[in-house]
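What follows is a single structure, written as structure tokens, with notes after it.
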Number of protein chains: 2
Amino acid sequence: MGRHKEFDVDEALCAALQVFWRRGFEGASLTDLTEAMGITRPSLYATYGNKEELFRKTLDRYEQMHLCFVAQAMEAPTARGTIGELLRGYADVLTDPMHPPGCLGVNSSVCTGGGEAETIRQELIARRSLNEETLKRRLERAASEGEFPADEDPADWARYVMSVGLGMAVKAAAGATRCELHRVAEIALRALPAREPALA
Amino acid sequence: MGRHKEFDVDEALCAALQVFWRRGFEGASLTDLTEAMGITRPSLYATYGNKEELFRKTLDRYEQMHLCFVAQAMEAPTARGTIGELLRGYADVLTDPMHPPGCLGVNSSVCTGGGEAETIRQELIARRSLNEETLKRRLERAASEGEFPADEDPADWARYVMSVGLGMAVKAAAGATRCELHRVAEIALRALPAREPALA
DNA sequence: CGGGTACTATATCAACCGGTACAAAAACAC
DNA sequence: GTGTTTTTGTACCGGTTGATATAGTACCCG
């Protein structure tokens, strides 16, 4: 019963993703969004709730479609492999010519205009914390398997990897090329302890 | 001749710095600024021009007062010393309890709301590029002095150091502590080539 | 063919944005 | 004192923000 929607909900969400990705949460106005999505304001509110909820749906889609390499990287046989896949995969997403440069999450979490945007910012920070925690656990496993010296703190290494990634995101948003970011990732990997464990 | 100003221009600029630092250029409204500076809108425009010019003056002051460690780091005897001072000094600024967390430049350059803010964003990117160039030249000098292997590209290393710094800035804005960032810096330094040059 | 239901479009809301016109008030030169 | 210059406070400008009320339109069921 009822009238059919005249637009594709997923397609419109994809268009919204492009806008949020380029402009950030605060920088994307409803006018930007509705024009890119090809729908009117009331349609947006009826379908997605409000700007904040639309962003959350967009963010979910972003993680599923563009950050899926993270889960895959966690299954690499070695810690070095995991970190390498993480940084290289991230570099590729950040400089994908099919999408705006940089990271949707980073672009929307740095400037803190205050008000409602602060909620979004905190949520993005929490999601990043979760990713760092996941990486930490992976490195703890690597340590328990003798891959890391016992005096290395996995939390420190997870934080370091995240920092390099966030820095690459900022540089990508500023125009860094894919090749440049790959070189950053390559150098970042050199910080890892020498191949030899205490002995395995 | 004429009437005296009832406020201290430098003091008000310092107050504006706090606001821009916390909120970013776009996130800081004229209401936020005038309230923090203790002056009215017309006084702000008569004294500093407009919001954009006020930001530039604020940015100059920021670099002079809080980024002065950069010039000093460049004079360290070794490349390792320069990079170490750079990252540690930056970590300290990013987490100075007397000021908002993070970096004024990064906080104002990531989100791209479009319009007038884009000018500021490009200018901040250009200033960062300049810093990276300066570091690159310092590393080139180190390479010419035999401190770096010949097959290492100073541009790559400068980009890597900048990336780590930018990442630390994002993490600081998200609540990272000074100690955590110092550990990031320490690990980042391990990526440097072994102490021994080709031989000096 | 209605009736009911969902979607769409126009037009609008109050609040806020950066930026100013205007006139009152204060300090100088004379 | 008087005239001039500069600063200050109030009140306001057009434009944009996120979010809706209202009315019209298309579709399904019976």
Side-chain angles (χ1 to χ4, degrees), chain A residues 1-13 15-17 19-20 22-59 107-108 111-121 123, chain B residues 1-13 15-17 19-20 22-59 107-108 111-121 123:
Chain A
M1 44 173 157
R3 181 175 170 181
H4 303 315
K5 267 188 167 49
E6 287 188 357
F7 64 96
D8 186 293
V9 176
D10 275 359
E11 196 174 333
L13 201 68
L17 171 57
V19 177
F20 278 131
R22 176 171 295 109
R23 308 263 201 194
F25 172 72
E26 291 183 281
S29 72
L30 282 185
T31 303
D32 295 331
L33 290 166
T34 52
E35 280 181 2
M37 299 167 80
I39 64 178
T40 60
R41 282 167 139 88
S43 292
L44 190 153
Y45 278 83
T47 307
Y48 307 97
N50 57 16
K51 190 187 176 186
E52 200 172 315
E53 292 183 30
L54 171 63
F55 181 79
R56 285 206 183 84
K57 291 179 171 63
T58 299
L59 184 59
N107 292 351
S108 302
C111 45
T112 146
E116 340 170 0
E118 188 62 17
T119 308
I120 293 292
R121 186 171 155 266
E123 187 171 327
Chain B
M1 46 175 153
R3 181 174 172 179
H4 302 317
K5 271 188 165 42
E6 287 187 357
F7 64 94
D8 186 294
V9 176
D10 275 0
E11 195 173 335
L13 200 69
L17 171 57
V19 176
F20 278 130
R22 176 171 295 108
R23 308 264 202 194
F25 173 71
E26 291 185 282
S29 71
L30 283 185
T31 303
D32 294 332
L33 291 166
T34 52
E35 282 182 359
M37 299 167 81
I39 65 177
T40 60
R41 280 166 136 93
S43 293
L44 190 154
Y45 277 82
T47 307
Y48 306 98
N50 59 12
K51 189 187 177 186
E52 201 172 315
E53 292 184 30
L54 171 62
F55 181 79
R56 286 206 183 84
K57 291 179 173 63
T58 299
L59 185 58
N107 292 352
S108 301
C111 40
T112 148
E116 337 168 4
E118 188 64 16
T119 308
I120 293 292
R121 185 172 154 265
E123 188 171 325

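Distance alone, capped at 3.5 Å, is enough to place a donor-acceptor pair between the B:Ser108 side chain and the B:Phe25 backbone. A donor-acceptor contact shorter than 3.5 Å is absent between the side chain of B:Tyr48 and the backbone of B:Phe55.
D:dT7 atom P lies 15 Å from atom CG of B:Asp8, rounded to whole Å. Atom P of nucleotide C:dG18 and atom OH of B:Tyr45 are separated by 7 Å, given to the nearest angstrom. Rounded to an integer number of Å, the gap from CD of A:Glu53 to C1' of D:dG18 is 14 Å. If you measure from atom CD of B:Glu6 to atom P of C:dC28, you get 13 Å, rounded to the nearest angstrom. Taking atom CD of A:Glu116 as the reference point, atom C1' of D:dG18 lies 7 Å away to the nearest angstrom.
Between B:Glu53 and B:Arg56, none of the side-chain N atoms (NZ, or NE/NH1/NH2) sits under 4.0 Å from a carboxylate O, so this pair counts as no salt bridge. Taking the charged nitrogens against the carboxylate oxygens, A:Arg23 and A:Glu26 have no contact shorter than 4.0 Å, which rules out a salt bridge.
Proximity of A:His4 to the phosphate of D:dC28: a side-chain N or O atom is located under 4.0 Å from OP1 or OP2. Close to C:dT8, at under 4.0 Å from its OP1 or OP2, lies a side-chain N or O of A:Ser43. The shortest distance between the side-chain N/O atoms of B:Thr40 and the OP1/OP2 oxygens of D:dG9 is below 4.0 Å.
Here the closest heavy-atom approach between residue A:Ala16 and residue A:Thr58 is recorded as CB-OG1, 4.1 Å.
Counting atom types as modelled, B:Arg41 pairs no side-chain N or O with a base atom of D:dG9 as donor and acceptor under 3.5 Å.
No side-chain heavy atom of A:Phe20 sits under 4.5 Å from any side-chain heavy atom of A:Leu59.
Checking B:Arg3 against B:Lys51, the closest nucleotide of DNA chain C that is more toward the 5' end is the one next to B:Lys51.
Residues from residues 23-39 of chain B that place a heavy atom under 4.0 Å from any atom of DNA chain D: there are none.
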